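Right, one structure below, let's go through it.
Atoms considered below: every heavy atom in the structure, side chains included; atoms not considered: hydrogens, waters and symmetry mates. Please read these numbers as outputs of a predicted model, since none were measured by experiment.
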There are 2 protein chains.
Amino acid sequence: MLDKTDGVALYIQIRDTLREQIMTGVLKPGEKLPSEDDLAARFGVSRMTVRRGISDLVDMGMLYRRRGVGTIVSQFHLERDHNRLTDFFETARAEGFEPEVRLLGKEVVPAKLAIAEALGLQESEPLIRIQTLRLANGVPITLYEEYVPYKLCPMLLTEDMRNRAAWQVLEEQGFAIKFAVQRLEARLADARTAALLNIEEDAPILFKNRIIYIEDGTPVELIHCHNHGNLYSSKMTLVR
Amino acid sequence: MLDKTDGVALYIQIRDTLREQIMTGVLKPGEKLPSEDDLAARFGVSRMTVRRGISDLVDMGMLYRRRGVGTIVSQFHLERDHNRLTDFFETARAEGFEPEVRLLGKEVVPAKLAIAEALGLQESEPLIRIQTLRLANGVPITLYEEYVPYKLCPMLLTEDMRNRAAWQVLEEQGFAIKFAVQRLEARLADARTAALLNIEEDAPILFKNRIIYIEDGTPVELIHCHNHGNLYSSKMTLVR
DNA sequence: GAGTGGTCTAGACCACCCG
DNA sequence: GGGTGGTCTAGACCACTCG
């Protein structure tokens with residue numbers, strides 16, 4: 001069952017085995033897993049190792065534990081991906097839309113005060129600004145504006161931005177992208193946004209301000225998303 | 001340092017001790033913790049127990065680990081609370097606003113199709129609908145509409161809803177509230193919402209549709225929030 | 001009372017990072 | 001090479017649930 005020689009941690013192999021069984025319906029919602037002692041014997045590992053694998057699935061919401069009862073498959077599998085930084089193309093396709101990105105412009109601009117503060121820079125420091133229009137099935141959904149400090153990654157200027165976001169380029173360059181903090185607001189469309197999204201001025205816009213950080217807490221990118229109010233909504237999971 | 005007799009798990013005492021030291025600045029951002037072996041010796045526990053406590057803080061974003069280097073205090077402490085179901089009053093006060101809730105109405109209504117489907121009910125089954133207006137420092141911020149299946153908790157009809165949400169009452173009644181899934185949209189204010197929030201009709205509204213679930217995946221409450229577009233934004237953290 | 005998950009121990013070996 | 005975190009073992013005792 002497990003391969004102790006291939007370098008993949010045993011608890012990861014156990015986690016993936018169990019997840020596979022839940023996904024394929026071998027383990028059904030509401031059903032109890034074998035006990036931890038039992039699983040440890042089956043997998044030929046110690047109970048602590050089984051627990052570590054199960055804990056990951058509990059954190060993901062696929063399982064829950066009841067002391068004195070057992071470990072049970074959740075009825076509802078939390079879509080924790082909605083609380084994660086994910087690839088626009090992958091998620092669009094996963095939701096059944098064909099994604100497309102049109103480059104509107106890419107230039108070096110001096111940082112305005114608000115953006116400089118968000119990125120921990122001095123005012124007027126050079127930024128790379130990348131503006132794109134994101135479409136689903138050919139319909140404009142989002143006006144996407146990205147700001148990255150020029151000194152951080154000058155090569156962004158020559159990268160093709162039609163298949164990934166700037167933070168994904170940074171990740172390829174070895175930056176340990178760790179998390180993002182975003183703020184959602186309801187706004188009205190200004191003239192330019194309205195024209196690009198093919199809606200009326202003053203139509204509703206779901207505005208998203210997102211700052212992306214690397215491991216040690218340094219901000220590396222600011223994003224402004226102007227999302228079509230009637231065609232876009234933002235879904236997420238909250239845990240008690 | 002630790003109390004092995006008071007019933008609180010050692011790893012929780014260790015976690016809270018370390019968190020306290022980070023919060024109070026004894027451990028500063030960017031600073032390395034003592035090694036796990038060292039901490040185990042200081043706390044008088046095994047290394048696995050120390051790791052369990054540290055892991056919780058890593059999950060919360062307060063620490064990060066680097067193999068071969070050590071465990072380091074994050075520059076930026078993730079506010080994971082924003083990804084959690086939290087108490088309106090507590091969070092408002094924590095952010096420096098004095099919260100207030102005005103009851104607009106509480107009645108039993110038949111479930112419309114969309115709400116019945118969201119809550120896993122038959123159409124027309126009786127629901128308790130609670131409508132309140134939420135204010136911060138006396139300014140109306142949110143028109144809050146809650147729907148709970150009548151059969152689930154009839155006593156909601158007689159509860160005072162001015163200091164907690166319905167799901168908090170359910171929690172007090174022993175329901176294991178586990179998570180919520182919500183969807184945010186930008187909308188324009190209709191006449192009633194505009195009047196209650198003291199804004200113009202067609203002003204921007206951040207609309208939130210939230211479904212609350214218990215442990216086994218059963219939905220127990222649906223919430224519609226109509227948030228003041230200019231005074232309310234929704235902040236959250238995404239993890240890579 | 002039997003079975004379950006919750007916690008904890010006292011080791012062990014490894015991969016990785018850095019001086 | 002020395003120190004760090006990553007993984008794993010083979011036990012142990014406890015609190016809890018349920019029949």
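- Within the 4.0 Å cut-off from OP1 or OP2 of D:dT4, at least one side-chain nitrogen or oxygen of B:Ser35 is found.
- With sequence neighbours excluded, the residues forming a ring pair (Phe, Tyr, Trp, His ring centres under 6.0 Å) with A:Tyr213 are A:Phe179, B:Phe76, listed by chain and number.
- Between B:Met48 and B:Lys32, the one whose closest nucleotide on DNA chain D sits nearer the 5' end is B:Lys32.
- Nucleotides of DNA chain C lying under 4.0 Å from heavy atoms of chain A occupy a range whose first and last members, 5' to 3', are C:dG3 to C:dC8.
- A straight line from CG of B:Leu63 to P of D:dG5 spans 11 Å, rounded to a whole angstrom.
- Among the protein residues, B:Arg52 comes within range of the sugar-phosphate backbone only, with heavy atoms under 4.0 Å from sugar or phosphate atoms but none that close to a base.
- Atoms CD1 (B:Ile54) and C1' (D:dG5) sit 9 Å apart, rounded to a whole Å.
- B:Leu222 places a side-chain heavy atom less than 4.5 Å from the side chain of B:Asn209.
- No more than 12 heavy atoms of other residues, nucleotides or ligands sit less than 6.0 Å from atom OH of B:Tyr150.
- The backbone N or O of A:Glu125 sits nowhere less than 3.5 Å from a side-chain atom of A:Lys151 that would complete a donor-acceptor pair.
- With hydrogens and angles ignored, the 3.5 Å screen pairs no side-chain donor or acceptor of B:Thr218 with any backbone N or O of B:Ile214.
- Side-chain contact annotation: A:Arg162 with A:Thr132, donor-acceptor N/O pair under 3.5 Å absent.
- Looking only at distances, a side-chain donor or acceptor of B:Gln13 sits under 3.5 Å from a matching main-chain atom of B:Asp3.
- Atom CZ in B:Arg51 sits about 6 Å away from atom C1' in D:dG5, given to the nearest Å.
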Where do N or O atoms of nucleotides 15-17 of chain D meet protein N or O atoms at under 3.5 Å, pair by pair?
unit_1	atom_1	unit_2	atom_2	d
D:dA15	O4'	A:Arg67	NH1	3.1

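- Applying the 6.0 Å contact sphere to CD of A:Gln122 captures no more than 12 heavy atoms from other residues, nucleotides or ligands.
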